[in-house]
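Heads up: the structure comes next, in structure tokens.
Starting from 1, each residue takes its place in the sequence as its number.
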Amino acid sequence: MAFCSKCGQQVADGVGFCPACGAPMEGAAAAAPQNPVYNSGPEHLDFIPSSNSASFPTAAYVGIAGAVLSFILTFINVTSSPRIYYLLYAIAAACGAFAMFKIFDSLKKGLAGHKKPMPGLLSTTGWFYVIANALLVIGGLIAVLAGLDGIGAALAVIGVGGFVSFVYLILLLIVAFTLIGSYTGNLKTFGWLLFIPVIIGLIGVIGALGGKVFTIIVAVISCAFTIYIYLFAKKIISDGK
């Protein structure tokens with residue numbers, strides 16, 4: 001089996017054109033491109049071969065490391081230095097942003113030619129997640145490194161980051177419900193896995209007013225669920241193993 005150099009779709013040996021995007025396959029005999037035919041119901045997908053399949057396990061493990069570090073920083077100040085604390089927070093956010101962006105990019109490439117490819121939506125969602133994390137980290141670092149003199153700038157950056165995060169959540173819900181409505185099998189399950197963290201996040205925001213114990217409980221659930229999402233993504237962005 002080979003992969004299309006343009007869209008990443010897996011293509012059988014000897015096929016002249018990619019069935020997903022119609023690009024010619026190198027070294028194969030010329031043949032007329034074939035458009036996939038679907039029935040009226042949801043398409044069944046248990047895994048999506050993608051050009052990111054080989055490298056995605058590394059991204060999943062990076063995301064898991066970031067989730068664990070975020071969990072630790074949720075309720076334990078591991079150092080008396082705020083600067084080191086926010087440095088670790090920035091590392092955790094970067095790990096999460098890298099892993100989630102890789103998920104959206106892998107979905108975009110793996111779903112090319114399928115019933116609901118969503119290329120633009122998946123790319124936009126991934127970039128919004130990266131930008132939101134970057135803005136929140138920058139705002140936090142300004143507050144710590146610049147102190148009170150930089151608090152106005154920090155709040156402004158964090159405010160913009162919060163708005164971008166809100167837009168990301170809306171896009172994430174659209175992606176999740178598109179996967180739920182258009183596919184069956186593991187891909188539909190993954191749609192639900194993308195939807196549930198939104199609910200956990202809302203509970204966490206409300207629970208922050210309920211005291212430290214409730215916050216820690218939500219953090220435990222959120223961390224465990226995030227790790228499961230990365231492991232499940234590693235399972236479906238693969239060769240089906």
Is the ring pair F232/Y228 parallel, tilted or perpendicular, if the boundaries are 30 and 60 degrees?
tilted
With the threshold set at 4.0 Å, does a side-chain nitrogen-carboxylate oxygen contact exist between K102 and D105?
no
Would you say the side-chain atoms of S50 and K109 include a donor-acceptor pair closer than 3.5 Å?
no
When rounded to the nearest 0.5 Å, the distance separating CD1 of I103 from NZ of K234 is 12.0 Å
Check G181 against P42 and note the closest heavy-atom contact, atom names and distance.
O-CG, 4.1 Å
Looking at F195 versus F177, is the centre-to-centre ring distance below 6.0 Å?
yes
Do you know which two heavy atoms are closest between A132 and S165, and how far apart they sit?
CB-OG, 3.3 Å
Which heavy-atom pair separates L135 from V157 by the least distance, and what is that distance?
O-CG1, 3.1 Å
Knowing that exactly one of H114, K188, K116 qualifies, which makes a side chain to side chain donor-acceptor pair (under 3.5 Å) with E43?
H114
Between atom CG of L179 and atom CG of N186, what is the distance when rounded to the nearest 0.5 Å?
12.0 Å
Among T226, I227, V220, find the one that has a side-chain contact (heavy atoms from CB on, under 4.5 Å) with C223.
I227
Rounding to 0.5 Å, atoms CZ (F101) and CG (L122) come to a distance of 10.5 Å
Reported CG-to-OH distance for the pair L45 and Y183, which is rounded to 0.5 angstrom
6.0 Å
Looking only at heavy atoms, the pair that brings D46 and I236 closest together is O-CG2, 3.5 Å
